[in-house]
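All values below come from the heavy atoms of this structure, side chains included, with hydrogens, waters and symmetry mates left out. Atoms within a ligand are numbered from 1 in the order they appear, just like the ligands themselves.
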Amino acid sequence: MIVTIDGPAGSGKSTAAKGLAKRLSYEYLDTGAMYRAIAHALIRADIPFGDEMRVVPFLSECKLEMPPGRVILNGDDITEIIRSPAMSDASSRVAAQGHVRAILVGWQRQIAAGRQMVCEGRDQGSVVFVESPCKFYLTASVEVRAKRRLAELLAKHIPATLDSVMQDIEIRDHRDKTRAVGPLVQPDDAMVIVTDNLTPENVLDRLEEEVKKCVCG
Ligand code: DC
């Protein structure tokens, strides 16, 4: 079974998806990391994101591997580099390109085929795994999400302020929600969880309880 968890940046979905996968003994797919990796690769190759004629053949030659907790592109470990604020911005811009989304959606379906997986992103329940019987949409206020993201950045010694992070999140939210292809939407059949006042443990308990209902019918 595929469990989908979508939501905006900082909604707690990565922590929740990883934790849920562990509790269920499922695999975990971080699709945001895929967009980040592709943005990084295109920038390094000096290919403009909108240049479909160059992007498509380039991506067909890329080898993206995602062993647990790592992101390896063409043999290089890019796990840490792709977490910078600059890459957050670049990934949201590359994710607005329809030709990029079409390729990544295909990769995601291939990776998940025949597996038990928790898939996390923006379009997992609305586009990629529409048939999933178990969909979640996590969200929280911009302030709470920015505070979480700031704590993550400072823990990695990446300089940032609350104002700069809030501004970045608002720009990304707007881009993610208004793009023509695969925008961030709340699927009608997803369970919505507002995480402002919930601990990661509370969120996990809720998710696990709901997944059990999906499995048992
Ligand atoms: O979850 P994240 O912050 O690592 O995602 C990085 C960017 O990738 C985000 O701005 C939106 C985009 N994204 C997307 O468009 N679709 C997905 N399934 C996952 C991420």
Side-chain angles (χ1 to χ4, degrees), residues 2-18 20-21 28-43 49-50 55 59 64 66 69-71 73 78-112 117-130 132 135-140 142 144-153 156 158 160 165-187 190 195:
I2 301 294
V3 176
T4 66
I5 304 185
D6 291 304
S11 55
K13 63 186 187 313
S14 298
T15 308
K18 268 181 230 158
L20 182 66
Y28 160 64
L29 183 63
D30 174 0
T31 61
M34 297 174 80
Y35 285 95
R36 286 171 183 269
I38 291 320
H40 169 79
L42 290 170
I43 289 170
F49 300 160
V55 169
L59 292 189
L64 180 61
M66 308 223 312
R70 312 303 309 165
V71 181
L73 185 81
I78 57 166
T79 312
E80 303 301 333
I81 309 172
I82 60 170
R83 295 288 152 196
S84 69
M87 277 303 136
S88 296
D89 178 64
S91 58
S92 132
R93 286 186 289 107
V94 86
Q97 302 292 335
H99 50 277
V100 171
R101 297 201 77 81
I103 293 171
L104 265 64
V105 165
W107 288 358
Q108 290 156 18
R109 289 185 179 138
Q110 264 173 23
I111 292 170
M117 206 168 228
V118 179
C119 298
E120 173 231 323
R122 303 291 189 289
D123 59 348
Q124 300 298 285
S126 56
V127 174
V128 188
F129 303 107
V130 183
S132 163
K135 299 180 184 176
F136 297 97
Y137 186 89
L138 265 53
T139 190
V142 175
V144 166
R145 293 191 283 126
K147 281 183 185 157
R148 288 178 187 155
R149 190 43 61 98
L150 179 66
E152 278 168 24
L153 291 171
K156 288 180 188 162
I158 298 173
V165 177
M166 263 177 83
Q167 204 180 7
D168 288 352
I169 283 188
E170 279 171 340
I171 291 170
R172 278 213 289 154
D173 278 358
H174 182 261
R175 215 183 268 142
D176 289 345
K177 288 178 179 171
T178 57
R179 65 176 167 240
V181 188
L184 171 65
V185 288
Q186 217 171 278
T195 64

Query raised in the report: Which salt bridge (charged side-chain N to carboxylate O under 4.0 Å, His left out) pairs, counting each pair once, include a residue from residues 165-174, with sequence neighbours left out?
Result: R145-D173

Requested in this report: With sequence neighbours excluded, tell me which residues meet side chain to side chain contact (heavy atoms under 4.5 Å, CB included) with A17.
Outcome: I5, Y28, V118, E120

Query raised in the report: Donor-acceptor pair, S91 side chain versus Y35 backbone, under 3.5 Å?
Result: no

Report summary line: In chain-and-number order, ligand 1 lies under 4.0 Å from a heavy atom of each of K13, T31, G32, Y35, R36, R83, S91, S92, A95, R101, G121, R122, D123, Q124, R172, D176, R179

Query raised in the report: Do the side chains of M34 and L29 get nearer than 4.5 Å, heavy atoms only?
Result: yes

Query - Beyond-backbone contact of D123 with V185, side-chain heavy atoms, under 4.5 angstrom - result: no

Query - Pairs touching residues 2-12 that satisfy salt bridge (charged side-chain N to carboxylate O under 4.0 Å, His left out), sequence neighbours left out - result: none

